[in-house]
Q: 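Structure in structure tokens, see below.
Lettering of chains follows the sequences in order, A, B, ..., and the numbering in each one begins at 1. These values consider heavy atoms only, across backbone and side chains, with no hydrogens, waters or symmetry-generated copies.
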Protein chains: 2
Amino acid sequence: MSIPSRSTLLLAPAIAHATTGFDVADGPAAQGRSERLFLRSLSATESAYSDEARALEWLREQNNRVEVRVERISFDRMHRWRRDGTDGAIRHETGKFFSIEGIRVTTTWGRTPTWDQPIINQPEIGYLGFIVKELGGVLHFLTQAKVEPGNINHVQLSPTIQATRSNYTQVHQGRRPLYLEYFQSARPSSVLLDQLQSEQGARFLQKRNRNIIILVDHDVPIYESFTWLTLGQLKRLMRHDNVVNMDTRTVLSGVSYGSHRDDALDLHGALAAEGLGRRTLGPFCRSALSHHHAVHSIDDIIHFLTELKSSYDLSLEKIPLCRVNGWGFSPQEIARPDGKYFKVIAADVSIGNREVMRWQQPMIQPSQPGLCAFVCKELNGVMHFAVQAKLECGNRDVVELAPTVQCLTGDYRAPDSEAVPFIDCVLNAAPEQIVVDAQQSEEGGRFYREQNRNVIVLADQQFPEQLPPRFIWMTLNQLLFFIKLNNYLNIQARSLIAAVAACD
Amino acid sequence: MSIPSRSTLLLAPAIAHATTGFDVADGPAAQGRSERLFLRSLSATESAYSDEARALEWLREQNNRVEVRVERISFDRMHRWRRDGTDGAIRHETGKFFSIEGIRVTTTWGRTPTWDQPIINQPEIGYLGFIVKELGGVLHFLTQAKVEPGNINHVQLSPTIQATRSNYTQVHQGRRPLYLEYFQSARPSSVLLDQLQSEQGARFLQKRNRNIIILVDHDVPIYESFTWLTLGQLKRLMRHDNVVNMDTRTVLSGVSYGSHRDDALDLHGALAAEGLGRRTLGPFCRSALSHHHAVHSIDDIIHFLTELKSSYDLSLEKIPLCRVNGWGFSPQEIARPDGKYFKVIAADVSIGNREVMRWQQPMIQPSQPGLCAFVCKELNGVMHFAVQAKLECGNRDVVELAPTVQCLTGDYRAPDSEAVPFIDCVLNAAPEQIVVDAQQSEEGGRFYREQNRNVIVLADQQFPEQLPPRFIWMTLNQLLFFIKLNNYLNIQARSLIAAVAACD
């Protein structure tokens, strides 16, 4: 098969036809073009270059071919890492990569006014980047099967490049990351997406990465562990546990498909339905594309956030790691006597079969698997997401928009978890209410075998239209609007949004 | 006269008629309503409640009625302020209000990789808020004639409320700020604007204030130093030197008027012209209202910022104020031997004639008046602004969008100022190129007699369409889009944008 799948072909003319009626809410024609490219790729679940089954098989092969050994060691056995004499922080001898430091958090938010904790400090902004190319008229994403020491299943689908500045300035005298030059020399017109996005605010001190997608129109060398996948295929693969890594999910969450008027969307649906009688716009698709019928305006949402950011204080003070209250220190780990939250551990890593790479590094090991869930409900005829404003100590700006339920720091199945709003609605959802349900891994370069259940459920009849304080209804179009801008949605919310196949 | 002016009436039906053809790019109908209210108020330069001449006369009266005495004193004569024993910072004994601290700045931006300086630390978010009300069908802003010790002319037009949290939690046992309860109890539906905005990044450590406008529809008591003014009148008053204070200017800069399609804008123009043959849409009006024809898309601008934020580092370290390199200390001031930048001084303030308020406080005195200017040029048939990305040490996020020319820290008339791009274009502009030209004061509660020349000029034929790195063309509509969101435009850019009468 050398042409795109039927479903791709089907949606394409509808989009082309409706173009003149479109309102690209925030820019000139060039922007409309990338949105159409993304939309077409989203609807292409089959292509000549790969499909879901082949990708899974290919990933299994990659996984079998590589040998990964991760052993816990004591901190003093980490080569080139040491405890800093002045503040007890764990640092690389070059001062690069990242460090584990101690902080004291003070806040007027929540029930705990102050606490200490270890935190990862990684001030460098790295690349999380995809190269994309039109193949057979459909945008394909150059995806890597990448090994990370913390991954449960070793190899997951990652962006084309995943590199900190320490990586690509070659502090470790390793190889220059593949494809780096494409990102460093990209012309503005080839950049389809370029956003600074936050990472886990409870674990990282104000960390951000550069999420970027660049379009190439010439031949690109394809190295052994790389393959082309459409956006639709990547979304399908997210239905499987721990297949698509966190870095891929954050980049894909930033992809938006434009803002359109009702009449243009109706035209889409009608034209598409006429072709096959099958593909009308699903509720999530309409929620992604329509800029009408939202319960709240963008200004309302900004007001909601301004109110919270003005009302609550969050201040951090760096303290010596050895004086972090509530945490105990052994030669092997930094952990709480009550076993809560996470541990800092040291790992000895070796990867490869013929050419073996070996190194040591600190990692974060979570206490238990977590749960991140959005509850959705159709309001005003458009699917809305119940979004929570959440303060996490490493946030750059007090609160970020988070999933309806985000339980990462305690056992969500414990009896006292009833205090978490809406958790019952998620845990007791009937099969027909479940839109997304998969285990997803956090970044395997820092987190040791951390996976969290990612769920999107449709609210039942009892679910209130009036949300409690600190929650607000938003359409997918509005969520995508805020993702474009710095540090509005947290990584957990973005991970869930990445899994929404907006064609549904 | 008990009805709004002719020009108001004229624009009103055009707007009402065109409404159905409007595209409110980012929200439901409620948002469109506030945009129409603002637009109508903008076009109302006369009203039954005041006009430009009367407002100036009233301000003169207020100024004559009040007695203001500000004397420089030595630091040790400031009652309730002291040098902190541990870090030498100047703090209020309550720990509230603000403090003067020392910082060491390290950055890869610009020619100076590291420097020390005193900086104002004021972590509290205060209110800068207007109450607005429809009077005779036109939105009026409840404006205060407010005395600030640093103001050159003592009294300037300020928002309805201007209060730090220390003010309104009454740390100084003063009176509760007038109208505070309106802001504290505002329902979301009455909030027309609510934004967190940055202040001078070279002087303040990541300071922000809450810029807010609330609509009331019931009677409001009008106290002695308050008056109602339309948006159009406030913009007119900004043509005069030092009449409209910084806090008013920042709030008004956030007012936006919607994003519309060409056909709707043409309809406006046609209907308006038919009525009086006079009022077609001026170039700045079209630039504010149109979301077409911009040279760059919103995504392009985000890419431009992401590139800079990813490429340059800015890190701050707090250091003892007494160890700030390059600054000298005397009992009266903290200043540089070379006289550059600014001084920290101590002031003894007494205000009032019958009931006298008296206090002492530290203030910042600039070395010389500065210059802030936008150069504008019609491109693609729409007026564009040459916007500069600028790093200032107190920025929350590395760079903010700044005017084409921003010379505040050196003498812009000195010979070596030729290094400043585009300064000649501003200083040598012919009268017909000048759109805005007035001296404007910085906040008189912190800055001692600081005024900066605010200029908007039209580029001449020689001005390049291709801008140097770190500069980008943006329409007024795009600037207003980014103002809504946190910390994108700096205070100097916002001050200039506030002065643009979008009806021009």
Q: Checking B:Asp397 against chain A: side chain, backbone, both or neither under 4.5 Å from a heavy atom?
A: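 Both the backbone and the side chain of B:Asp397 come within 4.5 Å of chain A.
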Q: Under 4.5 Å heavy-atom distance to chain B, tell me which part of A:Tyr127 shows up: side chain, backbone, both or neither.
A: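 Nothing of A:Tyr127, per the 4.5 Å heavy-atom cut-off to chain B.
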Q: Heavy-atom cut-off 4.5 Å, strictly under: side chain, backbone, both or neither for A:Phe482 against chain B?
A: side chain
Q: So, taking the atom named CG in A:Leu192 and the one named CG in B:Asp299, what distance separates them when rounded to the nearest 0.5 Å?
A: 9.0 Å
Q: Compare all side-chain heavy atoms of A:Lys309 with those of B:Asn486 and state whether any distance is below 4.5 angstrom.
A: yes
Q: With only heavy atoms counted, which part of A:Asn380 is less than 4.5 Å from chain B, the side chain, the backbone, both or neither?
A: neither
Q: Which atoms of B:Arg396 are under 4.5 Å from chain A, going by heavy atoms: the side chain, the backbone, both sets, or neither?
A: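 Backbone plus side chain of B:Arg396, per the 4.5 Å heavy-atom cut-off to chain A.
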Q: If you tally heavy-atom pairs under 4.5 Å against chain A, which of B:Asn487, B:Leu485, B:Ile125 wins?
A: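 Greatest number of close heavy-atom pairs with chain A: B:Leu485.
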Q: What distance separates A:Ile298 CD1 from B:Phe481 CZ, expressed to the nearest 0.5 Å?
A: 8.0 Å
Q: Go through the atoms of B:Phe304 and report whether side chain, backbone, both or neither lie under 4.5 Å from a heavy atom of chain A.
A: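 B:Phe304 has no heavy atom closer than 4.5 Å to chain A.
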Q: Just how far is it from atom CG of B:Leu193 to atom OG1 of A:Thr306, taken to the nearest 0.5 Å?
A: 9.0 Å
Q: Identify which one of A:Arg165, A:Arg210, A:Glu124 satisfies the side chain to side chain contact (heavy atoms under 4.5 Å, CB included) criterion when paired with B:Ser310.
A: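 With B:Ser310 as partner, side chain to side chain contact (heavy atoms under 4.5 Å, CB included) holds for just one option, A:Arg210.
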Q: Do A:Asp194 and B:Ile302 have side chains that get closer than 4.5 Å, going by heavy atoms?
A: no
Q: Distance from B:Ile212 atom CD1 to A:Glu307 atom CD, nearest 0.5 Å?
A: 7.5 Å
